[in-house]
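Worksheet: the structure to be examined is printed underneath.
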Amino acid sequence: MSDSDIETNSNHSISNTSTTSTTSVHVSALDGIVNANSLFTVAVFVGLSFDQPRDLTLTDRAECNAGLDVERYLIVFEVISFAFFLFSSLVAQGLKLTINLLNSKETDEVFKADIDCNLLRLGVVGAAGGSIMGCVFLLLSMVEVIQLRLGLLSCGNSLAVHTVLALVVLASSALSVYIFTVFYSFRK
C-alpha cells in the first residue's frame, strides 16, 4: 500500500465525517422546528375552535368594546399563522424525508446523507422563515384577543396597553434571538 493510497483514504474519511455531523445537526434542527410548530399549530387550532369573543369582554365602558372588525382580524391572523406554521412544518418534514430516503441504502446510518448544502440551507431558512412569520401573525392575533377581552387599545386602558407592550417586547425579543441564531449558524 503506497503513501498516496493512505492519503486518499484518510481524506475521504474526513470528508465523510464532516458530512455525517453536518447532516445530523440539520436533522436535529429540523426536528426542533417541527416540534415547535406543532405546539403553535395546536394553540392556534384550539384558539379557533373555542373562540367566543362576545361573551368574555371584561371592559366596563361600552365604547371600548371591540367590534366585529377586531373579531374578523383575529380569525384572519390565526388562519394566516396556522398556514405559515403548516408551511414551515411541511418544508422541514420534506427535508427530513429527503435525507432519510438518501440514506435508505443503510438503515443503520440515518445521519449520513449526501445532499446539496445549498438546497439544505435554503430549506432550513424556508422552514425557519415560515416559523418566524407564523409567530408574527400569532402575535398579531394575541393583540386582537387582548383587545376583545380587555378593551380597545385606542381607549387607553392601562391594563390592555401594558399587556400588549409586555407581549410585544417579550415575543419580539425571542424572535430577534431566533432570527440572529439562524443567520449566525449559516455564517459559520
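Just so it is clear, the model here is predicted, and its values are computed rather than measured.
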Give a yes or no on whether L120 and L122 share a hydrophobic cluster (residues Ile, Leu, Val, Met, Phe, Trp, Tyr; joining criterion: side-chain heavy atoms under 4.5 Å apart). no

Are L170 and V143 linked, directly or through other ILVMFWY residues, by side chains that come within less than 4.5 angstrom of each other? no

Closest approach of [X] and [Y], non-hydrogen atoms and distance?
X	Y	value
A160	G151	CB-O, 3.9 Å
A128	V182	CB-CG2, 4.0 Å
S81	G134	OG-O, 3.0 Å
A66	Q147	CB-O, 3.9 Å

Please report the interatomic distance [atom1]([X]) to [atom2]([Y]), rounded to the nearest 0.5 Å.
X	Y	atom1	atom2	result
L68	L74	CG	CG	12.0 Å
T98	L119	OG1	CG	7.5 Å
M133	I80	CE	CD1	9.0 Å
I146	L153	CD1	CG	7.5 Å
S172	L139	OG	CG	6.0 Å
E144	L152	CD	CG	9.0 Å

Flag yes if more than 12 heavy atoms outside Y178 fall under 6.0 Å of its OH atom; otherwise flag no. yes

Step by step, work out the side chain to side chain contact (heavy atoms under 4.5 Å, CB included) result for T163 and L167. CA-CA 6 Å; T163 303; L167 175 68; 5.6 Å; no

Pairwise disulfide (SG to SG under 2.5 Å) hits with a residue in residues 128-161, at least two apart: C64-C155

Are the side chain of S141 and the backbone of L138 linked by a donor-acceptor contact shorter than 3.5 Å? yes

Pick one: which of L175, V177, V169 meets side chain to side chain contact (heavy atoms under 4.5 Å, CB included) with S173? V169

Using 30° and 60° as the class boundaries, would you call the ring planes of F84 and F137 parallel, tilted or perpendicular? parallel

Validation row: V164, L150 side chains within 4.5 angstrom (heavy atoms): no

